[in-house]
Structure formats: C-alpha cells, structure tokens
Amino acid sequence: MNDVSHILDPLNAVQREAVGAPPVNQLVLAGAGSGKTRVLTHRVAWLIDVEGVSPQSILSVTFTNKAAGEMRARIEQLVRVPAQAMWVGTFHGIAHRMLRMHHREAGLPQTFQIIDSDDQYRFIRRVMKNLEIDETRWPPRQMQWFINGNKEEGRRPENLSDAGDYAREQMLRVYRAYEEARERAGLVDFSELLLRAHELVRDNAELQAHYRKRLRHILVDEFQDTNSLQYAWIRILAGTAGKVFVVGDDDQSIYSWRGARVDNIVRFSEDFPGVQTTRLEQNYRSTAAILNTANGLIRHNTGRMGKELWTDGSEGEAIDLYAAYNEYDEAEYVINQSRDWIDNGGTRSDVAILYRSNAQSRVLEEQLIRADIPYRIYGGQKFFERSEIKDAMAYLRLMNSRADDPAFERIINTPTRGIGATTVDKIRHHAREQAMSMWQAAQALAAAGLSGRAANAVQSFIDLIERMHAAAETAALPEQTRIAIHDSGLYAGHEKDKSEKAEGRLENLDELVNATVGFVANDEDETMDPLTQFLTHAALEAGENQAGEWDDSVQLMTLHAAKGLEFPLVFMVGLEDGLFPHQRSIEDANGLEEERRLCYVGITRAMQKLHISHAESRRIHGTQNICAPSRFLRELPAAHLREVRPSIQSAQPVFAPSRWDTDETGPDGLKLGQQVRHGKFGEGVVLAFEGEGARARIHVNFDSAGSKWLIAGYANLQPVA
DNA sequence: ATGATGATATTTTTT
DNA sequence: ATATCATCAT
C-alpha cells in the first residue's frame, strides 16, 4: 500500500471524501475559501500516486492562465512522479494545442494565427464596410456579440436562419462574411478555438476514440463559469468511460453575461452517470461574522444548490457599515481606516478596496495620492493589448503571413506613409472582388489601378515588408522583433512625438524586444516555429496587467477582478441602488441575483475585517445623484453589523429616509444637499448649517478643495442649477 | 494628415 | 465628467 498521508493529512473529512473517492464522476460544490484548489490538486495527486493513473491520462482545465500555472505548480510539488505529460491548461490553451496537433483534420492551415477580441472587432468592422452595412445602425459590438454568442452555443451560420427577421438577416450576413474572410486569412478567434476543437472531436471518429482512450480523467475548475460549448466538449472527451471531476460554486457565478451557464452544474448530475456530490462548506479564510453576513445575504437568492459557510475560528469583529455624505467622504473614511490598520502593524498590501465599476476608482485614487498612500490598480490594459505593441506584432504577423489581412490593414499606414483611407478602401474592394488577400490586391493595384502617388506609396510598403522579411528570415526571434520595430519606422515615428505618452510607448517597444529575449521557445515543438509560438503566447496569454510594481501598496479592483483573491482588510464601497446592484441589472430577476452573488463574492474576500460603505450623494456621469442605500444592505443580518456614523453630526441610520429628504432651509435659502459654487473653492455640496444670522456657518464639501465650514455672510455661495 | 468640434454613451472581462 | 469616435475643416 502506498503511503497516502501527504495527500490526505492536510485535508478535512469532507475534502478527504472527495479526494480519496474511487474513480467516479464527481461534483464538488466548493464554497468561498473552502480549499477548492487544494481538493483539485490533491485529487490529481491521489489519482497518480494511489490509483496509479498515468499523468498522460489526466486533463485539468481552468479559465485563466494564472490558475492553470498555479495548479500545475502545486500538483508537481505534491506528486512523486514526473507529471509534465499531464495536460493542465485553460480551455483555450488546450483547444489550441489540439488544433495545432491536428490542424489538417481540423481544416486549418499549419500556420494559423490567433486573433484577440480587439483584432476580431476591427476585422468585423472591416467586413461590414465591405458589405456596406451602416455601422451606426448596426453596431459592430453587437455583431461581435452575436457571432461569439452563436459560436459558443456551437452554431455555425449554416445552423442559423434569419426567420424572416431583417435584423437577424443582417447579422447573419456579417457572420457569414466574417467567417469567410477569417478563414481565408488563416486566422482563428477565441470562440473559434473552442468551436473547432469541439467539432474536431465530435466529427472525427478516430480522434474521438483516441482522446477518449487517452484522457481517462478530466478535472474542471470554476465549473460554474463554463459555457455551453465547453460543457459539450468535456462531455464528448469523457465519453462513457472517462471520469470527470468538477469543482465550482453556483453562488459565485458572476459571468453569465459572457456566456457562462451556471445550470451546467445541475446538468452535470443529469448527464453524467453516478455523480458523487460533495459540499465543501468549512471556510478557512474569514471570521464567523463575515461568513454569517455572507450567508445571510446569499440566502435571498432562489434556486441555489444550497450551502452554508462555517468556520471553527472566532467570531471576529463586526462588519462596519458607513453612511458617507458623498464619494469624497467615503474615500476619506476608507483612507482613515486603512491608515489605522497600517499604523497598527498591518501592511498596505493587506488592504483591498473593491468597487462595482471602474469609474469609481478615480475619487479613491485622488484621495490616496493626496494621503500619500501607495496603491495599485488590479486590472486594466495588458501588455500585449497596448496599441504600439499590437502594431509591432502586426508587422511580425505580416512578415510571417502575407495573407493576414487584419495585420495588413493595421499597419499599412502606421506610421503614416501617405496611404489614406481611399487607397485602403480600393485595396479592400479589389481584394473582395478578386477573392484574394489584401496583400495580393495591393500588389495588383500598385502595378495598375492607383494614382501615381498612391501606387508609389503602396509599392514602397510592399517592398519594405519584403525587405524586412528577407532580413528577418533567418534571424532569431529578438532580431526579428527588432527589425519589425525599427525597420518599419514604428520606433522612429514615436520618437518624433515628444509627448509623455510617446515616451512610454518607446519603453514598451523596448520591453517587447526584451520579452522576446526572455521568451524560451520550445525547440521540440514541430507544429510551430519560434515566431508563431511567440505570437500565440501573446494572443493567448496577454501578460501581466502592470509590469512589476508589486511593492507594498493598497489594492484597488472591481468586485469581478477580486474573485479568487483574499485580503485581511476589505472595503466594499458604493453600496447604493443603481450602482450596486447596477441599474442595468435591477430590472430583471436573474440580473439582480447575479449582482447579489457578486456582493457575496466581495464579502467573502475579507479575512479579518470588512467595511461596507455607501454614499448618500454621488456624482455619476457628471450629474449629482441622491442615492438610496443598496437593497443588499437590508438583507445583511443585523447581528454582525455595526453602523458607523460620520463623526461630524447626525447622520441617520441606513434604513431611515435619507437626510436630504428634509426640507430644512439654511441661510440664503440654501438647502441641504444642494450644489453650490464658491469664488475660490469651486463647486461643492451643502452638508450642514449651524447658527443663525450673521454668525451662521455652512458646511460645504467642495469637489476639489475638500470640506470646509464657511461663514454665511462672507461665503457668497451661488446655487448651481 | 492632423486637429478641432460635436455627438454619444457610460458594468462587469478572460481567452 | 469623461472618453471615444465620427466628421469636417484646414
């Protein structure tokens, strides 16, 4: 008998039950902080070390590269045999791998490239231009949504009909034309990776048999986030003999808006035979006060699988609920509390500020800068998504494949070289008419069909790319990249620009060369040359949001971005109806429940202490709003809440009518909550009055100057409409 | 080709 | 308030 103590000892009874089960289909409902990753990794270790399963027979899928990386690292640490042969990766990564290996069977050119959503968006716009479809009537975003939505439901254009609906007919036209052009250019978008991989194992009996025989064990993380296509793919791969182990939490399903199907959890038990279900409810992250608050909130959702988080740890501090006057007051509160935490020996990186929408970060940032507290925003643009990087990559792509139309169109006039929209239009039309690539069309038109000036410009662009290709052909990747950046004139173009932004762009371009130096291509990979490997890496793993800068700083992020993370001290701000739950989700019940789950996710990020705040007044899209406290606040069990009043004066409890509802009138006929302008301090909001007559004072919170008490007689406040 | 002007929208985001 | 984007004038 193998020694299994290293696998089972660190687990509780329920976790053990899941990890040590015989090979059956399993559904693990894992609450927040219940050790879900641990169960997943230990299960893999169990299969390999105890059940004697070959690492080759295991497929473990996640959604993000980060999660996949962590999973592999933890498994390899645990397991006693080499496990490199095991397939661990994202859905897209694994799908890509299969398509490379079987590009012939999948009907793809060996050199196919991956385009990201931004490339796809541009591509769709281009296709619409060709079809002469009015962008203002048919937003390309909607077209993109339509196309990806259908792909992720497994539907090709031929599976769809317009049903006599004009709008649908237009969308279908675009879908068809897009597919045709994409196919011709040898490109694959993100949904296409999944759809192709699905069709590959669905329609190719030989490969289906091969993978069913090989992949005996499939494990899926964050199962509540799978879409229909991912579900179908797993099902085909598993067949009847494969064993599937899925881990998820229906209460943390917050991505239905991008195609995730929570009900896949329910379907799983119906579609797979003999599913053993386990509930992980013991939480190792948060205090009892925090967990009970979360439990109390999520109980208001219907149709749950049902879970209650518990801990054998201590009750902990109550949740502080702060009613701020406005967003500035709210930020001030957050900063004061954070300071206390840090002054009492905590570190800044213990602290997270979570908000519903990105726009809310601005005020917080301003105040953090003013308070001299370093912070870091989680999320934002990634390295390989920056436009200058995408330009450089487009040069590499075009050098690599002349048929890459999106790359061609991106850089034909970047940097500007006298090829205007008219010329590009002509090329695009010619390409369409002759069913050729834009590159071929450009060659044809440069020879005949363009005015002298345009023809010259196009011809020199063609010569440039050919020259670059020749120079780079035998070079190593870093040199190829250097050529793409410098010989193209990209670098020089930004150098001419003396702005601060351009400086950052140059740095990024230099960094791109560095990235290629640091990029270790897999020599043994026969399916891709190093350049293709790098391009794929860039598309599939767009890299870190922010370079380095992991020093000790307060963490700011949206609630969505916070999923999967934990922090000793958490602030959840902006709990106001219309903001959170967001206005657009309030009308429909499903939307509201998803917002509630999002709130649940936020609460369960906190380990030791949670602060929740809402503002009574907030500027949204430029206009001042009076905000009602979030309905979620009323759903939090009062037993663990402590209402914190603003120190200055009488705030009213959350559940009482807003204090702006009074019609108390102060000096000069000003009202509470009114927007006023001051000669020196600018605009602000009236917070309070004090005293009468000549000594009357008015408390105003100015947008930029902060809050001040002014003497009514001298202030000369002007009401703002 | 570039810059000014005005219209428009403005939740969440990975691959 | 702010950013993005199309359009138009230079």
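Owing to the predicted nature of the structure, the values given are computational and were not obtained by experimental measurement. Residue numbers start from 1 in every chain, and the chains themselves are labelled A, B, ... in the order their sequence lines are given, proteins ahead of strands.
For A:T414 and A:D391, the side-chain atoms include no donor-acceptor pair closer than 3.5 Å. Side chains of A:Q224 and A:Q252: a donor-acceptor N/O pair is absent below 3.5 angstrom, by distance only. Side-chain contact, A:D249 with A:Y600: no donor N or O sits under 3.5 Å from an acceptor N or O.
Distances from the side chain of A:H92 to the nucleotides B:dT15, B:dA1, B:dT12 place B:dT15 closest. Distances were taken from every side-chain heavy atom of A:T64 (C-beta onward) to each of B:dT13, B:dT15, B:dT11; the shortest belongs to B:dT15.
Not one side-chain nitrogen or oxygen of A:N358 sits closer than 4.0 Å to the OP1 or OP2 atom of B:dT11. Considering only side-chain N and O atoms, A:K563 lies nowhere under 4.0 angstrom from the phosphate OP1 or OP2 of B:dT13. Note on A:T558: a side-chain N or O is less than 4.0 Å away from OP1 or OP2 of B:dT13. Between A:N227 and B:dT15 there is no side-chain polar atom (N or O) within less than 4.0 angstrom of OP1 or OP2. The side chain of A:R584 places an N or O atom within less than 4.0 Å of a non-bridging phosphate oxygen (OP1 or OP2) of B:dT10. Side-chain N/O atoms of A:R356 include none lying less than 4.0 angstrom from OP1 or OP2 on B:dT12. In terms of phosphate contacts, A:N65 brings a side-chain nitrogen or oxygen within less than 4.0 Å of OP1 or OP2 of B:dT15.
Spacing of C1' atoms, C:dC5 relative to B:dT12, comes out at 23 Å, to the nearest Å. Across C:dA6 and B:dT11, the matching C1' atoms stand 25 Å from one another, rounded to whole Å. Only the P atoms considered, B:dT13 is 16 Å distant from C:dT4, to the nearest whole Å.
Residue A:D118 is classed as having no contact, given no heavy-atom separation below 4.0 Å to the nucleic acid. Nucleic acid contact for A:R125: sugar-phosphate only, since backbone atoms but no base atoms lie under 4.0 Å from a heavy atom of the residue.
With sequence neighbours excluded, the residues forming a salt bridge (charged side-chain N to carboxylate O under 4.0 Å, His left out) with A:E566 are A:R285, listed by chain and number.
Atom CZ in A:R619 sits about 21 Å away from atom P in B:dT10, given to the nearest Å.
In this structure, A:F190 and A:H92 have perpendicular ring planes: the angle between them is above 60°, well past the 30° mark.
In terms of position along DNA chain B, the nucleotide closest to A:N413 lies nearer the 5' end than the nucleotide closest to the other residue of the pair A:H560 and A:N413.
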